[in-house]
Amino acid sequence: MEKLSEQELVRRQKLASLVEKGIDPFGQRFDRTHNTKMIKDEFSNFSKEELHDNPSPTISTAGRIMTKRGKGKAGFAHIMDQYGQIQIYVRMDVVGDEDFELFNNADLGDIVGVEGTVMITNTGELSIRVTKLTHLAKSLRPLPEKFHGLTNIEERYRRRYVDLITNEKSRETFITRSKIISMFRELLNDRGYLEVETPILHPILGGANAKPFVTHHNALDMPFYLRIAPELYLKRLIVGGFDGVYEIGRNFRNEGISIKHNPEFTMMELYQAYGNIDTMMELTQYLFSTVAKRLGKDTVEYNEKTIDFGTWHKVHMADAVKSELGIDFWDTEMTFEKAKAFAESKELEVPDHFTGTGHILNLLFEEYCEETIVQPTFVYGHPIEISPLAKKNIDDPRFTDRFELFIDGREYGNAFTELNDPIDQRERFEEQIKEKELGNDEASEMDYDFVEALEYGMPPAGGLGIGIDRLVMLLTESVSIRDVLLFPHMKPRSN
RNA sequence: GACCCGCUAGCUCAGUUGGCAGAGCAUUUGACUUUUAAUCAAAGGGUCAGAGGUUCAAAUCCUCUGCGGGUCACCA
């Protein structure tokens, strides 16, 4: 048994005295006529005198006691629900001795229900003049300080519920997150996309380049990967005849944790039969600008920069690198040796599994161009070497019809015209296996079943993935991904 | 994984040159029937993250460990 603090002991004594009075310290159902927002919406247009002369109907609401001010035979408190706080005014001569004692003995953090009429105080605050007070739940631990709230970052993540109680900004962020995800669903459903669910346990690694988590199924006695991307399953559904499908769900990547990375993160992935890179670009811009607009944020202040969702740019990766560094990857004379020598002249390390000019082009782009992008920009034309699931460009097969969306140096989306040629796809997988043998532990594996699916014929299609957490960060102006994840991963607390 | 910074009361934070462990809020007791970071009076509350070392003496200096934050690396 852990040692209790003085305050915890006092609260447990108060709990015992509630029991003695026959009051359930952890209460029962309480029917509310209003939440705090409804009270404000309904009554804030009335004056103090109007509410005094024509008393409101009796309303009931409930919430957690956040502040409390005793005044002898009367008292004030603020109670809080999901929507905010409302002040309550409790007079002994109105509620009677029993309820007033209940009020006096209530602690900050306790949850109560109130009945009463709506009034405005001398200082002009909309309040409830309580006629009946109901104890609903005892709080056995003290809340953080009322003025500063919980500010310790570690504690805010470990005890998110306390963070949500005391920090309005945090509450708003997660409400916004929920809105963004439901807007995505609404916008996509309205365009006729079908929401689907595909496996999270994958027998074969694929759909992205990343290190996986590995788990084990007992009955089947075989290992499974937690999915790094749902791509290959979703495309099987396009083979199966669905016109457009999407999935919003968790992906898992066994990599470092940082301000931008959590081991599990949420992606929206979508496939559109008969579409291509351009339809995905249009869709991406539509989703981002519509969601931003509906949140009332045509522009966002992020990282001391103004991001304008009305301004979208487009640049080919080879052009971006050419204008930044002068080296021309369009040049048909460009060889791997030349490209590698250039990279090494910049003191970049070229790993063994880099075997094509495209690997170098991407390296240079990531190293020198990515961070220079501020406004929403589609970087397209990724080299074939790093795009094993994207269709080759019809005019220049060194590049694929793929784009990534960058905003303020970070990737928010990845899309391409899907590779639907099973013969080409099998060769691409074989290239990946070669890379794996050369030491790329993020290369994907051969998925024969997926190739077989393509052999039945997949219509030309566009595909898109959007990192939901990062979008939420941007639209809530959150610095860290942990600020948009309710329960970010932490090492267990030491004793 | 590497480097830098942090960890003191329930919470937010002070703590000087190594010399009795501090404040505000919260808690307890008393006063107060329109207060609002309520006010006034008094009181209680500490494994200074943990372990070890230096010293007459350590929250303070040194070493190790834990957890967190930041930067880098990897990635979305």
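We use all heavy atoms of the structure for the numbers below, so side chains are in, but hydrogens, waters and symmetry mates are not. As the structure is a computational prediction, the values presented were derived from the model and not from experiment. So that the names make sense, note that chain A is the first sequence line, chain B the second, and so on, each numbered from 1.
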Q: Calculate the interatomic distance between A/R129 atom CZ and B/U35 atom C1'; express it in whole Å.
A: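 After rounding, the gap between these two atoms is 14 Å.
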
Q: Does A/K40 qualify as a cation-pi partner of A/Y83, given the criterion of NZ or CZ under 6.0 Å from the six-membered ring centre and within 45 degrees of its axis?
A: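 Relative to the ring axis of A/Y83, which defines the angle, A/K40 lies outside at least one limit.
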
Q: For atom P, what is the distance between B/G66 and B/U55, given to the nearest Å?
A: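 Comparing P positions in B/G66 and B/U55 gives a spacing of 28 Å.
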
Q: I'd like the P distance from B/A42 over to B/C25, given in whole Å.
A: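 It works out to 13 Å between them.
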
Q: What is the distance, to the nearest angstrom, from the CD atom on A/E145 to the P atom on B/A14?
A: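 The distance from CD of A/E145 to P of B/A14 comes to 14 Å, rounded to the nearest Å.
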
Q: Would A/R91 and A/D93 pass as an ion pair if we require N to O under 4.0 Å?
A: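 Between A/D93 and A/R91 there is a salt bridge, with a charged N closer than 4.0 Å to a carboxylate O.
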
Q: Check this one for me: any side-chain N or O of A/K71 less than 4.0 Å away from OP1 or OP2 of B/U35?
A: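 No, no such contact exists.
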
Q: Can you tell me the pairing partner of B/U60 across any strand shown, Watson-Crick or G-U wobble, with both distances under 3.5 angstrom?
A: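 Partner of B/U60: none.
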
Q: Among B/U33, B/G69, B/U34, which is the nearest nucleotide to the side chain of A/Y157?
A: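 Shortest atom-to-atom distance from the side chain points to B/G69.
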
Q: For the ring pair A/F403 and A/F378, is the centre-to-centre distance below 6.0 Å?
A: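 Yes, the ring centres sit under 6.0 Å apart.
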
Q: Provide the Watson-Crick or G-U wobble partner of B/U35, both distances under 3.5 Å; none if there is no partner.
A: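 Checking every strand shown, B/U35 finds no partner, since no pair has both distances under 3.5 Å.
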
Q: Between A/D408 (CG) and B/A76 (C1'), how many Å, whole number?
A: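 These atoms are roughly 15 Å apart.
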
Q: Any strand is fair game: report the nucleotide pairing with B/U55 by Watson-Crick or G-U wobble, both distances under 3.5 Å, or none.
A: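 B/U55 is unpaired by these criteria.
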
Q: Taking the nucleotide of RNA chain B with the closest heavy atom to each, which residue, A/L150 or A/A74, is nearer the 5' end?
A: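 That would be A/L150.
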
Q: B/G68 pairs with which nucleotide, Watson-Crick or G-U wobble, both distances below 3.5 Å?
A: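 With both distances under 3.5 Å, B/G68 matches B/C5.
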
Q: With A/E442, which of A/K436, A/R253, A/K211 fulfils salt bridge (charged side-chain N to carboxylate O under 4.0 Å, His left out)?
A: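 For A/E442, the salt bridge (charged side-chain N to carboxylate O under 4.0 Å, His left out) check succeeds only for A/K211.
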
Q: Answer with base, sugar-phosphate or nothing: what part of the nucleic acid does A/G70 contact at a heavy-atom distance below 4.0 Å?
A: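 Contact class for A/G70: base.
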
Q: In terms of side-chain heavy atoms of A/F147, which of B/C67, B/A37, B/U35 is nearest?
A: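 Within the option list, the nearest is B/A37.
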
Q: What integer number of Å spans the P atoms of B/C20 and B/U16?
A: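 Comparing P positions in B/C20 and B/U16 gives a spacing of 11 Å.
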
Q: For the C1' atoms, the ones on B/G52 and on B/U27, what distance do you get once it is rounded to whole angstrom?
A: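 These two C1' atoms come out 37 Å apart once rounded.
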
Q: State, to 0.1 Å, how close A/T400 and A/A390 come at their nearest heavy-atom pair, and which atoms those are.
A: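 Residues A/T400 and A/A390, closest heavy atoms: CB-CB, 3.8 Å.
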
Q: Between A/R482 and B/G70, is there a side-chain N or O to OP1/OP2 distance below 4.0 Å?
A: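 It does, given that an N or O in the side chain of A/R482 lies less than 4.0 Å from OP1 or OP2 of B/G70.
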
Q: Let's test this: given Watson-Crick or G-U wobble pairing with both distances under 3.5 Å, identify the partner of B/U16.
A: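 Answer to the pairing question: none, since B/U16 forms no Watson-Crick or G-U pair.
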
Q: For B/A49 and B/C74, measure between their P atoms and round to the nearest Å.
A: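 Per the computed distance, 36 Å lies between those P atoms.
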
Q: A/S5 side chain: which of B/G10, B/U12, B/U35 is closest?
A: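 Given the options B/G10, B/U12, B/U35, the side chain of A/S5 is closest to B/G10.
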
Q: OP1 or OP2 of B/U28 versus the side-chain N and O atoms of A/K14: is any pair under 4.0 Å?
A: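 For B/U28, OP1 or OP2 has a side-chain N or O of A/K14 closer than 4.0 Å.
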
Q: So does A/E6 reach the base of B/U28 with its side chain, donor to acceptor, closer than 3.5 Å?
A: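 It does not, because no donor-acceptor pair links the side chain of A/E6 to the base of B/U28 below 3.5 Å.
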
Q: As a test of reading the structure: which of B/G70, B/C74, B/G68 is closest to the side chain of A/E255, going by heavy atoms?
A: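 Closest nucleotide to the A/E255 side chain: B/C74.
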
Q: In whole Å, I'd like the distance from the CE atom of A/M490 to the P atom of B/C67.
A: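 So the CE-P distance, A/M490 to B/C67, works out to 11 Å.
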
Q: Using whole Å, report how far CD1 of A/I257 lies from P of B/A76.
A: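 Interatomic distance, CD1 of A/I257 to P of B/A76: 17 Å.
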
Q: Answer yes or no as to whether B/A76 has its base stacked against A/F265, where stacking requires a ring-centre separation under 5.5 angstrom and planes under 30 degrees apart.
A: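 Yes, A/F265 stacks on the base of B/A76.
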
Q: Please measure how far the C1' atom in B/C56 lies from the corresponding atom in B/G1, and state the result in whole Å.
A: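 It comes out at 44 Å once rounded to the nearest Å.
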
Q: Taking the side chain of A/S127 as heavy atoms from C-beta outward, which of B/U35, B/U34, B/U27 is closest to it?
A: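 Shortest atom-to-atom distance from the side chain points to B/U35.
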
Q: What is the distance, rounded to the nearest whole Å, between atom CZ of A/R64 and atom P of B/A26?
A: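 Value for this atom pair: 18 Å.
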
Q: Taking atom C1' in both B/C13 and B/G50, what distance in whole Å separates the two?
A: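 One C1' to the other, the span is 23 Å.
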
Q: Can you see if the side chain of A/R141 gets near the phosphate of B/A26 - specifically, an N or O under 4.0 Å from OP1 or OP2?
A: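 No, outside the criterion.
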
Q: Between B/U35, B/U27, B/A76, which nucleotide has the shortest distance from any of its atoms to the side chain of A/V10?
A: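 The closest nucleotide is B/U27.
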
Q: Taking only side-chain N and O atoms of A/T121, does any of them lie within less than 4.0 angstrom of OP1 or OP2 on B/U35?
A: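 So the side-chain polar atoms of A/T121 never come under 4.0 Å of the phosphate oxygens OP1 or OP2 of B/U35.
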
Q: Which residues satisfy the side-chain hydrogen bond (donor to acceptor under 3.5 Å, both in side chains) test with A/S258, sequence neighbours excluded?
A: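 So A/S258 forms a side-chain hydrogen bond (donor to acceptor under 3.5 Å, both in side chains) with A/H261.
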
Q: Where each residue is assigned the nucleotide of RNA chain B containing its nearest heavy atom, which of A/K68 and A/H148 is assigned the position nearer the 5′ end?
A: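 Result of the comparison: A/H148.
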
Q: Rounded to whole angstrom units, what separation is found between the CG atom of A/N152 and the C1' atom of B/G69?
A: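 Checked: the CG to C1' distance equals 10 Å.
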
Q: Taking any strand in view, what nucleotide pairs with B/C40 in a Watson-Crick or G-U wobble way, both distances under 3.5 Å?
A: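 In the structure as shown, B/C40 has B/G30 as its Watson-Crick or wobble partner.
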
Q: In whole angstrom, give me the gap between the P atoms of B/A9 and B/A23.
A: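 My reading of the P atoms in B/A9 and B/A23 gives 14 Å.
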
Q: Salt bridge check, A/E195 against A/R185: does any charged N sit closer than 4.0 Å to a carboxylate O?
A: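 Answer for the salt bridge query: yes.
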
Q: Need the pair for B/C25. Rule: Watson-Crick or G-U wobble, both distances under 3.5 Å, any strand; none if unpaired.
A: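 Checking every strand shown, B/C25 finds its partner in B/G10, with both distances under 3.5 Å.
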
Q: Would you indicate what A/Q87 reaches in the nucleic acid, counting non-hydrogen atoms under 4.0 angstrom: base, sugar-phosphate, or nothing?
A: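 Touches a base.
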
Q: For A/I481 and B/A76, what is the distance between atoms CD1 and P respectively, to the nearest whole Å?
A: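 Checked: the CD1 to P distance equals 13 Å.
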
Q: Identify whether the distance between the nearest side-chain nitrogen and carboxylate oxygen of A/K37 and A/D41 falls below 4.0 Å.
A: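 Result for this pair is yes, salt bridge flagged.
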
